[in-house]
Amino acid sequence: MEEQNKWSQENYISAYKFAADAHRGQEVPGTDIPYIMHLSFVSMEVIAALDFHPERDGNLAVQCALLHDTLEDTGTTREQLAEKFGQYVAHGVQALSKNKDIKKTDRMIECIGRIKQQPEEVWMVKLADRITNLQPPPGNWSKEKIGDYLQEAVTIHEYLGGASGYLSSRLLEKIDGYRMYAR
Ligand code: NI
């Protein structure tokens with residue numbers, strides 16, 4: 001029995017419930033679909049990738065995936081995450097959260113710098129997040145905004161792609177598919 005790479009359904013369920021509650025009433029931007037769909041897709045990408053990384057801590061990866069927006073977008077505190085899910089998850093989610101005190105154009109690179117100090121399970125979540133978000137952009141986005149979003153994805157791929165060949169190539173595919181919207 002190889003168990004060490006496994007994530008548990010119980011851990012998934014507790015993080016999912018927490019996230020569903022924390023993001024209650026929020027919707028995927030530009031849609032009327034509950035926000036939990038985004039978190040389901042990000043965790044699904046991470047779970048698919050874990051098959052290729054049996055040495056990784058699956059529970060850390062999956063819980064950070066489900067909780068990755070709770071600090072940035074809800075009233076959840078780091079202390080609450082630490083108490084319920086442990087310090088590693090709390091640190092991971094903190095690293096995945098943009099620092100709103102710094103200039104908007106610097107936020108992504110600053111965030112990537114903090115993610116790189118975390119275990120690779122956390123890098124995987126950022127890759128999975130951007131894979132999930134490279135959908136056809138909302139109709140009200142300018143070409144400039146789309147181009148910036150594309151460039152951010154290229155930067156994420158460049159700095160964090162090393163954590164997972166699988167997610168890295170999947171992100172690259174999504175980037176290539178997204179280029180048509182930036183033209
Ligand atoms: Ni996200």
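We count ligands from 1, going down the list as the structure has it; atoms in each ligand are counted the same way. For this chain, numbers begin at 1 and follow the sequence in order.
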Student: Quick check against the 3.5 Å criterion: does R170 have a side-chain atom that pairs as donor or acceptor with the backbone of I131?
Tutor: no
Student: Starting from the Ni ion (ligand 1), look over the N/O/S atoms of H38 and name the nearest one.
Tutor: NE2
Student: Using 4.0 Å as the upper bound for N to carboxylate O, is an ion pair formed by K100 and E72?
Tutor: no
Student: Just by modelled atom types, is the Q118 backbone N or O under 3.5 Å from a matching donor or acceptor in the W123 side chain?
Tutor: yes
Student: Looking only at N, O or S atoms, find the one in D129 nearest to the Ni ion (ligand 1) and name it.
Tutor: OD1
Student: Rounded to the nearest 10 degrees, what's the angle NE2 of H68 makes with OD2 of D69 at the Ni ion (ligand 1)? Could you check?
Tutor: 70°
Student: Parallel, tilted or perpendicular for Y149 and W141, by the 30°/60° rule?
Tutor: perpendicular
